[in-house]
There are 2 protein chains.
Amino acid sequence: MQDALRQFKADFFQALAHPTRIAIVEQLRNGELSAGALIERLGIEQANASQHLAVLRAKNILINRKAGNQVFYSVRDPLIIEVLDIMRRYFHAHMSEVLATLKAIDKAEKIHR
Amino acid sequence: MQDALRQFKADFFQALAHPTRIAIVEQLRNGELSAGALIERLGIEQANASQHLAVLRAKNILINRKAGNQVFYSVRDPLIIEVLDIMRRYFHAHMSEVLATLKAIDKAEKIHR
DNA sequence: AACTAATATTCGAAAATACGAATATAGCAT
DNA sequence: ATGCTATATTCGTATTTTCGAATATTAGTT
(Lines give C-alpha, C1' and ligand atoms only; values in the text may rest on other atoms or scores of the structure.)
Protein backbone atom coordinates (compact mmCIF):
# COMPACT_ATOMS: atom_id res chain seq x y z
CA MET A 1 0.00 0.00 0.00
CA GLN A 2 2.78 2.36 1.01
CA ASP A 3 4.67 1.03 -1.99
CA ALA A 4 1.93 1.96 -4.39
CA LEU A 5 1.82 5.46 -2.96
CA ARG A 6 5.55 5.86 -3.49
CA GLN A 7 5.18 4.56 -7.01
CA PHE A 8 2.58 7.23 -7.56
CA LYS A 9 4.93 9.93 -6.32
CA ALA A 10 7.78 8.53 -8.39
CA ASP A 11 5.58 8.67 -11.46
CA PHE A 12 4.92 12.32 -10.79
CA PHE A 13 8.62 13.10 -10.59
CA GLN A 14 9.26 10.96 -13.63
CA ALA A 15 6.81 13.06 -15.56
CA LEU A 16 8.89 16.15 -14.86
CA ALA A 17 12.22 14.42 -15.39
CA HIS A 18 12.83 15.84 -18.84
CA PRO A 19 13.93 19.32 -19.85
CA THR A 20 11.32 19.61 -22.57
CA ARG A 21 8.52 18.69 -20.21
CA ILE A 22 9.74 21.21 -17.67
CA ALA A 23 9.81 23.81 -20.41
CA ILE A 24 6.23 22.94 -21.30
CA VAL A 25 5.00 23.35 -17.73
CA GLU A 26 6.91 26.61 -17.39
CA GLN A 27 5.27 27.94 -20.53
CA LEU A 28 1.88 27.11 -19.04
CA ARG A 29 2.60 28.93 -15.81
CA ASN A 30 0.39 31.87 -16.73
CA GLY A 31 -2.43 30.01 -18.36
CA GLU A 32 -3.38 27.71 -21.17
CA LEU A 33 -1.73 27.47 -24.57
CA SER A 34 -2.51 25.44 -27.66
CA ALA A 35 -0.27 22.56 -28.65
CA GLY A 36 0.75 24.54 -31.70
CA ALA A 37 1.73 27.56 -29.61
CA LEU A 38 3.86 25.35 -27.39
CA ILE A 39 5.57 23.78 -30.38
CA GLU A 40 6.35 27.20 -31.78
CA ARG A 41 7.70 28.61 -28.53
CA LEU A 42 9.83 25.60 -27.76
CA GLY A 43 11.00 25.01 -31.30
CA ILE A 44 10.61 21.24 -31.20
CA GLU A 45 9.24 18.58 -33.54
CA GLN A 46 5.49 18.22 -33.63
CA ALA A 47 5.55 14.49 -32.90
CA ASN A 48 7.98 14.96 -30.05
CA ALA A 49 5.85 17.65 -28.47
CA SER A 50 2.79 15.47 -28.74
CA GLN A 51 4.61 12.61 -27.04
CA HIS A 52 5.73 14.75 -24.16
CA LEU A 53 2.25 16.21 -23.81
CA ALA A 54 0.92 12.67 -23.68
CA VAL A 55 3.26 11.87 -20.79
CA LEU A 56 2.16 14.95 -18.87
CA ARG A 57 -1.47 14.11 -19.55
CA ALA A 58 -1.07 10.51 -18.48
CA LYS A 59 0.36 11.62 -15.14
CA ASN A 60 -2.44 14.13 -14.69
CA ILE A 61 -0.12 17.08 -14.61
CA LEU A 62 -1.81 18.74 -17.56
CA ILE A 63 -5.41 18.86 -18.64
CA ASN A 64 -6.53 19.61 -22.16
CA ARG A 65 -9.50 21.28 -23.71
CA LYS A 66 -10.50 20.80 -27.31
CA ALA A 67 -11.62 23.85 -29.23
CA GLY A 68 -12.46 23.04 -32.79
CA ASN A 69 -9.31 22.27 -34.61
CA GLN A 70 -6.94 22.71 -31.74
CA VAL A 71 -6.20 21.51 -28.24
CA PHE A 72 -5.42 23.82 -25.35
CA TYR A 73 -3.31 22.61 -22.49
CA SER A 74 -3.07 23.90 -18.95
CA VAL A 75 -1.60 22.85 -15.62
CA ARG A 76 -4.22 20.97 -13.67
CA ASP A 77 -3.32 21.94 -10.13
CA PRO A 78 -1.68 25.18 -8.96
CA LEU A 79 0.23 23.12 -6.41
CA ILE A 80 2.40 21.98 -9.30
CA ILE A 81 3.37 25.58 -9.96
CA GLU A 82 4.10 25.85 -6.27
CA VAL A 83 6.44 22.90 -6.47
CA LEU A 84 8.27 24.56 -9.34
CA ASP A 85 8.51 27.77 -7.32
CA ILE A 86 10.12 25.94 -4.46
CA MET A 87 12.47 24.37 -6.96
CA ARG A 88 13.33 27.87 -8.09
CA ARG A 89 14.35 28.73 -4.53
CA TYR A 90 16.27 25.50 -4.37
CA PHE A 91 18.24 26.31 -7.48
CA HIS A 92 18.80 29.83 -6.29
CA ALA A 93 20.22 28.48 -3.05
CA HIS A 94 22.60 26.25 -4.98
CA MET A 95 23.34 28.63 -7.78
CA SER A 96 27.08 28.22 -7.42
CA GLU A 97 26.79 24.55 -8.32
CA VAL A 98 24.42 25.30 -11.14
CA LEU A 99 26.95 27.75 -12.48
CA ALA A 100 29.73 25.21 -12.14
CA THR A 101 27.65 22.80 -14.18
CA LEU A 102 26.94 25.43 -16.79
CA LYS A 103 30.61 26.32 -17.06
CA ALA A 104 31.54 22.67 -17.44
CA ILE A 105 29.01 22.29 -20.22
CA ASP A 106 30.23 25.45 -21.89
CA LYS A 107 33.81 24.24 -21.72
CA ALA A 108 32.88 20.88 -23.19
CA GLU A 109 31.05 22.59 -26.02
CA LYS A 110 34.06 24.73 -26.81
CA ILE A 111 36.28 21.69 -26.97
CA HIS A 112 33.92 19.89 -29.30
CA ARG A 113 33.98 22.72 -31.78
CA MET B 1 21.90 28.54 -21.13
CA GLN B 2 18.23 28.26 -20.27
CA ASP B 3 18.47 24.75 -21.63
CA ALA B 4 21.22 23.80 -19.23
CA LEU B 5 19.20 25.13 -16.32
CA ARG B 6 16.24 23.04 -17.36
CA GLN B 7 18.47 20.03 -17.71
CA PHE B 8 19.61 20.67 -14.16
CA LYS B 9 16.03 20.76 -12.91
CA ALA B 10 15.15 17.67 -14.90
CA ASP B 11 18.08 15.85 -13.32
CA PHE B 12 16.75 16.73 -9.90
CA PHE B 13 13.34 15.28 -10.70
CA GLN B 14 14.95 12.30 -12.34
CA ALA B 15 16.80 11.61 -9.10
CA LEU B 16 13.49 11.33 -7.27
CA ALA B 17 11.77 9.41 -10.03
CA HIS B 18 12.03 6.03 -8.35
CA PRO B 19 10.02 4.62 -5.45
CA THR B 20 13.09 3.31 -3.67
CA ARG B 21 14.81 6.68 -3.83
CA ILE B 22 11.72 8.42 -2.52
CA ALA B 23 11.62 5.91 0.31
CA ILE B 24 15.25 6.68 1.10
CA VAL B 25 14.65 10.41 1.28
CA GLU B 26 11.55 9.88 3.41
CA GLN B 27 13.54 7.76 5.84
CA LEU B 28 16.05 10.57 6.16
CA ARG B 29 13.39 13.16 6.91
CA ASN B 30 14.25 13.29 10.60
CA GLY B 31 18.00 13.07 10.33
CA GLU B 32 20.86 10.96 9.16
CA LEU B 33 20.98 7.19 8.92
CA SER B 34 23.71 4.75 7.99
CA ALA B 35 23.53 2.91 4.69
CA GLY B 36 23.02 -0.29 6.65
CA ALA B 37 20.11 1.13 8.60
CA LEU B 38 18.47 2.22 5.34
CA ILE B 39 18.95 -1.21 3.82
CA GLU B 40 17.38 -2.83 6.85
CA ARG B 41 14.40 -0.49 6.98
CA LEU B 42 13.69 -0.72 3.28
CA GLY B 43 14.40 -4.42 2.94
CA ILE B 44 16.31 -4.14 -0.32
CA GLU B 45 19.51 -5.63 -1.72
CA GLN B 46 22.73 -4.06 -0.54
CA ALA B 47 24.03 -3.43 -4.05
CA ASN B 48 20.76 -1.94 -5.14
CA ALA B 49 20.67 0.42 -2.17
CA SER B 50 24.19 1.53 -2.88
CA GLN B 51 23.32 2.24 -6.48
CA HIS B 52 20.33 4.35 -5.54
CA LEU B 53 22.37 6.18 -2.94
CA ALA B 54 24.94 6.89 -5.62
CA VAL B 55 22.27 8.47 -7.79
CA LEU B 56 21.05 10.66 -4.95
CA ARG B 57 24.61 11.63 -4.15
CA ALA B 58 25.43 12.45 -7.75
CA LYS B 59 22.47 14.80 -7.95
CA ASN B 60 23.47 16.43 -4.65
CA ILE B 61 20.27 15.46 -2.93
CA LEU B 62 22.09 13.55 -0.22
CA ILE B 63 25.37 14.14 1.51
CA ASN B 64 27.34 11.46 3.29
CA ARG B 65 29.64 11.36 6.27
CA LYS B 66 32.06 8.56 6.91
CA ALA B 67 32.38 7.31 10.45
CA GLY B 68 34.79 4.45 10.76
CA ASN B 69 33.27 1.45 9.16
CA GLN B 70 30.07 3.01 8.08
CA VAL B 71 28.62 5.83 6.03
CA PHE B 72 25.84 8.10 7.23
CA TYR B 73 23.55 9.77 4.78
CA SER B 74 21.42 12.85 5.19
CA VAL B 75 19.36 15.19 3.04
CA ARG B 76 21.54 18.09 2.00
CA ASP B 77 18.99 20.86 1.87
CA PRO B 78 15.78 21.17 3.91
CA LEU B 79 14.14 22.65 0.83
CA ILE B 80 14.04 19.12 -0.52
CA ILE B 81 11.93 18.09 2.45
CA GLU B 82 9.77 21.08 1.75
CA VAL B 83 9.23 19.89 -1.81
CA LEU B 84 8.18 16.50 -0.50
CA ASP B 85 5.78 18.19 1.92
CA ILE B 86 4.15 20.07 -0.90
CA MET B 87 3.92 16.81 -2.76
CA ARG B 88 2.15 15.37 0.24
CA ARG B 89 -0.44 18.12 -0.02
CA TYR B 90 -0.66 17.47 -3.72
CA PHE B 91 -1.38 13.79 -3.22
CA HIS B 92 -3.81 14.57 -0.48
CA ALA B 93 -5.68 16.89 -2.81
CA HIS B 94 -5.90 14.14 -5.42
CA MET B 95 -6.45 11.26 -3.07
CA SER B 96 -9.39 9.96 -5.04
CA GLU B 97 -7.17 9.32 -8.03
CA VAL B 98 -4.49 7.80 -5.87
CA LEU B 99 -7.09 5.46 -4.47
CA ALA B 100 -8.31 4.59 -7.94
CA THR B 101 -4.76 3.69 -8.88
CA LEU B 102 -4.34 1.60 -5.76
CA LYS B 103 -7.57 -0.25 -6.44
CA ALA B 104 -6.53 -0.94 -10.01
CA ILE B 105 -3.24 -2.34 -8.81
CA ASP B 106 -5.00 -4.45 -6.21
CA LYS B 107 -7.36 -5.81 -8.84
CA ALA B 108 -4.51 -6.65 -11.19
CA GLU B 109 -2.72 -8.45 -8.40
CA LYS B 110 -5.78 -10.53 -7.63
CA ILE B 111 -6.11 -11.56 -11.24
CA HIS B 112 -2.50 -12.56 -11.46
CA ARG B 113 -2.83 -14.95 -8.55
C1' DA C 1 -16.66 14.22 -51.13
C1' DA C 2 -11.92 16.13 -51.40
C1' DC C 3 -8.50 19.15 -49.10
C1' DT C 4 -6.07 21.30 -45.50
C1' DA C 5 -4.65 22.24 -40.78
C1' DA C 6 -3.91 20.67 -36.01
C1' DT C 7 -2.89 17.06 -33.18
C1' DA C 8 -2.10 12.13 -31.90
C1' DT C 9 -0.26 7.49 -32.49
C1' DT C 10 2.76 3.85 -34.20
C1' DC C 11 7.24 2.05 -35.44
C1' DG C 12 12.15 1.01 -35.19
C1' DA C 13 16.50 2.17 -33.47
C1' DA C 14 19.55 4.22 -30.01
C1' DA C 15 20.38 5.51 -25.44
C1' DA C 16 19.51 5.40 -20.49
C1' DT C 17 17.97 2.86 -16.23
C1' DA C 18 17.37 -0.96 -13.05
C1' DC C 19 18.49 -5.24 -11.04
C1' DG C 20 21.17 -9.13 -8.82
C1' DA C 21 25.47 -11.54 -8.88
C1' DA C 22 30.06 -11.05 -8.38
C1' DT C 23 33.92 -8.43 -7.07
C1' DA C 24 36.39 -4.58 -4.97
C1' DT C 25 37.62 -1.33 -1.28
C1' DA C 26 38.18 0.42 3.36
C1' DG C 27 38.18 0.23 8.41
C1' DC C 28 38.68 -2.32 12.42
C1' DA C 29 39.83 -6.35 15.25
C1' DT C 30 42.54 -10.37 16.10
C1' DA D 1 49.12 -10.37 7.87
C1' DT D 2 44.32 -12.49 8.18
C1' DG D 3 39.73 -12.05 8.75
C1' DC D 4 35.35 -9.66 9.20
C1' DT D 5 31.99 -6.08 8.46
C1' DA D 6 30.13 -2.16 5.90
C1' DT D 7 29.80 -0.06 1.66
C1' DA D 8 30.83 0.76 -3.31
C1' DT D 9 31.63 -0.60 -8.09
C1' DT D 10 31.46 -3.46 -12.18
C1' DC D 11 29.19 -6.52 -15.35
C1' DG D 12 25.55 -8.63 -18.11
C1' DT D 13 20.93 -8.50 -19.11
C1' DA D 14 16.18 -6.94 -19.25
C1' DT D 15 13.24 -3.03 -19.40
C1' DT D 16 12.12 1.75 -20.29
C1' DT D 17 12.68 6.18 -22.50
C1' DT D 18 13.51 9.11 -26.31
C1' DC D 19 13.62 10.62 -30.95
C1' DG D 20 12.23 11.44 -35.90
C1' DA D 21 9.84 9.46 -39.75
C1' DA D 22 5.73 7.86 -41.19
C1' DT D 23 0.92 7.36 -40.58
C1' DA D 24 -3.62 8.13 -38.51
C1' DT D 25 -7.36 10.95 -36.73
C1' DT D 26 -10.38 14.82 -36.26
C1' DA D 27 -12.39 19.36 -37.42
C1' DG D 28 -13.21 22.81 -40.51
C1' DT D 29 -13.46 24.47 -45.55
C1' DT D 30 -14.42 24.48 -50.23
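First the proteins, then the strands, lettered A, B, ... as listed; each starts at 1. Only heavy atoms go into these numbers, but all of them, side chains included; no hydrogens, no water, no symmetry mates.
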Measure [atom1]/[X] against [atom2]/[N] and give the value in whole Å, please.
X      : N       : atom1 : atom2 : answer
L38(A) : dA6(C)  : CG    : C1'   : 13 Å
F72(B) : dT7(D)  : CZ    : C1'   : 12 Å
I44(B) : dC19(C) : CD1   : P     : 8 Å
F13(B) : dT17(C) : CZ    : P     : 16 Å
E40(A) : dT7(C)  : CD    : C1'   : 15 Å
I39(B) : dA6(D)  : CD1   : P     : 10 Å
L53(B) : dA8(D)  : CG    : C1'   : 10 Å
R65(B) : dA8(D)  : CZ    : P     : 14 Å

Sidechain N-carboxylate O distance under 4.0 Å for R89(A), D77(B):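 No, no charged N to carboxylate O under 4.0 Å.
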Shortest side-chain distance from [X], nucleotide among [options]:
X      : options                  : answer
Y73(B) : dA8(D), dT26(D), dG20(C) : dA8(D)
S50(B) : dT9(C), dA8(D), dG20(D)  : dA8(D)
Q51(A) : dA8(D), dG20(C), dT9(C)  : dT9(C)
A35(B) : dA27(D), dG27(C), dT7(D) : dT7(D)

Can you list the steps and then say if K59(A) with R21(A) is a side chain to side chain contact (heavy atoms under 4.5 Å, CB included)? CA-CA 12 Å; K59(A) 302 295 166 53; R21(A) 294 197 290 268; over 6 Å; no
Any side-chain heavy-atom pair of I24(B) and L62(B) under 4.5 Å: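 The answer is yes, as the side chains (C-beta and beyond) meet within the 4.5 Å cut-off.
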Give me the one residue out of H52(B), Q46(B), E45(B) that meets side chain to side chain donor-acceptor pair (under 3.5 Å) with N48(B).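 Result: among H52(B), Q46(B), E45(B), H52(B) is the only option passing the side chain to side chain donor-acceptor pair (under 3.5 Å) with N48(B).
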Classify [X] by what it touches in the nucleic acid, base, sugar-phosphate, or nothing, heavy-atom distance under 4.0 Å.
X      : result
T20(B) : nothing
A47(B) : base
N48(B) : sugar-phosphate

Give a yes/no on whether any side-chain N or O of H52(B) is located under 4.0 angstrom from OP1 or OP2 of dC19(C).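 Affirmative; the distance criterion is met.
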For the base of dT17(C), is there a side-chain donor-acceptor partner from Q14(B) under 3.5 Å away?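 Donor-acceptor pair under 3.5 Å: no.
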Closest nucleotide of DNA chain D for Q46(A) versus for H18(A): which of these residues is on the 5' side?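 So the residue in question is H18(A).
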Single hit among I63(A), I61(A), L56(A) for side chain to side chain contact (heavy atoms under 4.5 Å, CB included) with R76(A):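 For R76(A), the side chain to side chain contact (heavy atoms under 4.5 Å, CB included) check succeeds only for I63(A).
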